[in-house]
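Since this is a predicted model, take the numbers as computed values, not measurements.
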Amino acid sequence: MPKESEQYQLLKSIIDKELQEIDEEISTLDNSDISTLIEFHTRHAIQDAEERRDENEATELEFPYGTSNELKESMNVILLDLEILLQYFYPACYFATVEEQNAYRNDILGMLEQ
């Protein structure tokens with residue numbers, strides 16, 4: 001299988017899983033009293049992911065079973081960018097306008113076209 005196809009499939013499976021998990025969590029929670037928790041969590045998660053990107057450390061995204069280390073390493077910068085974008089998308093699901101939510105989702109899905 002060509003490297004580009006493997007990378008695309010890995011990125012697609014991670015994006016699909018992460019968006020599904022966010023959608024499921026958002027649909028089951030009341031956002032009236034969790035804003036402080038979400039703000040704290042995402043602020044620190046973004047800072048952590050940005051530091052790991054700057055130091056070229058590994059992403060903390062979950063990978064499908066059997067993903068090779070070689071494939072993970074070849075996509076590390078892309079995956080760290082995705083991890084950061086997902087952290088911005090998460091609070092937007094609670095507190096942003098529908099247009100802002102859609103913009104983040106489109107940015108994430110747009111990574112598949114790069």
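Every residue meeting the side chain to side chain contact (heavy atoms under 4.5 Å, CB included) condition with A96, not counting sequence neighbours, appears here in chain and number order: A92, E100, Q101. Remark: I78 pairs with L11, M111 by the side chain to side chain contact (heavy atoms under 4.5 Å, CB included) rule, at least two apart or across chains. Applying the salt bridge (charged side-chain N to carboxylate O under 4.0 Å, His left out) criterion to K17, with sequence neighbours excluded, gives E21, E62. For T42, the side chain to side chain donor-acceptor pair (under 3.5 Å) test picks out no residue, with sequence neighbours left out. Applying the side chain to side chain donor-acceptor pair (under 3.5 Å) test to E113 and every residue at least two apart in sequence or in another chain returns nothing. Applying the salt bridge (charged side-chain N to carboxylate O under 4.0 Å, His left out) rule to E60 yields the partners R52; only residues at least two apart in sequence or on another chain are considered. Evaluation of the salt bridge (charged side-chain N to carboxylate O under 4.0 Å, His left out) rule for D107 yields no partner, not counting sequence neighbours.
Checking side-chain atoms of D48 against main-chain N and O of H44 turns up no donor-acceptor pair under 3.5 Å.
Between D23 and R105, at least one side-chain nitrogen of the basic residue sits less than 4.0 Å from a carboxylate oxygen of the acidic one, meeting the salt-bridge criterion.
The shortest distance between side-chain heavy atoms of L109 and L19 falls below 4.5 Å. With contacts defined as side-chain heavy-atom distances shorter than 4.5 Å, the pair L61/L86 qualifies.
For the atom pair OH of Y8 and CG of L112, the computed distance is 5.0 Å after rounding to the nearest 0.5 Å. Note that the CG atom of N102 and the CG atom of N106 stand 6.0 Å from one another [nearest 0.5 Å]. The distance from the CD1 atom of I14 to the CD atom of Q9 is 11.5 Å, given to the nearest 0.5 Å. Note that OG of S5 and CG of L10 are 11.0 Å apart. Values are rounded to the nearest 0.5 Å. I84 CD1 to Q47 CD: the interatomic distance, rounded to the nearest 0.5 Å, is 11.0 Å.
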Give every donor-acceptor pair under 3.5 Å between a side-chain atom in residues 63-70 and any protein atom, sequence neighbours left out.
residue	atom	partner	partner atom	Å
T67	OG1	P64	O	2.7
S68	OG	L71	N	3.1

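Nearest heavy-atom pair across L79 and K72 is CD1-O, 4.1 Å. Taking every heavy atom of both residues into account, C93 and I22 meet most closely at SG-CG2, 3.7 Å.
Put simply, I15 and L80 are part of two different groups of oily side chains (I, L, V, M, F, W, Y) that touch within less than 4.5 Å, one to the next.
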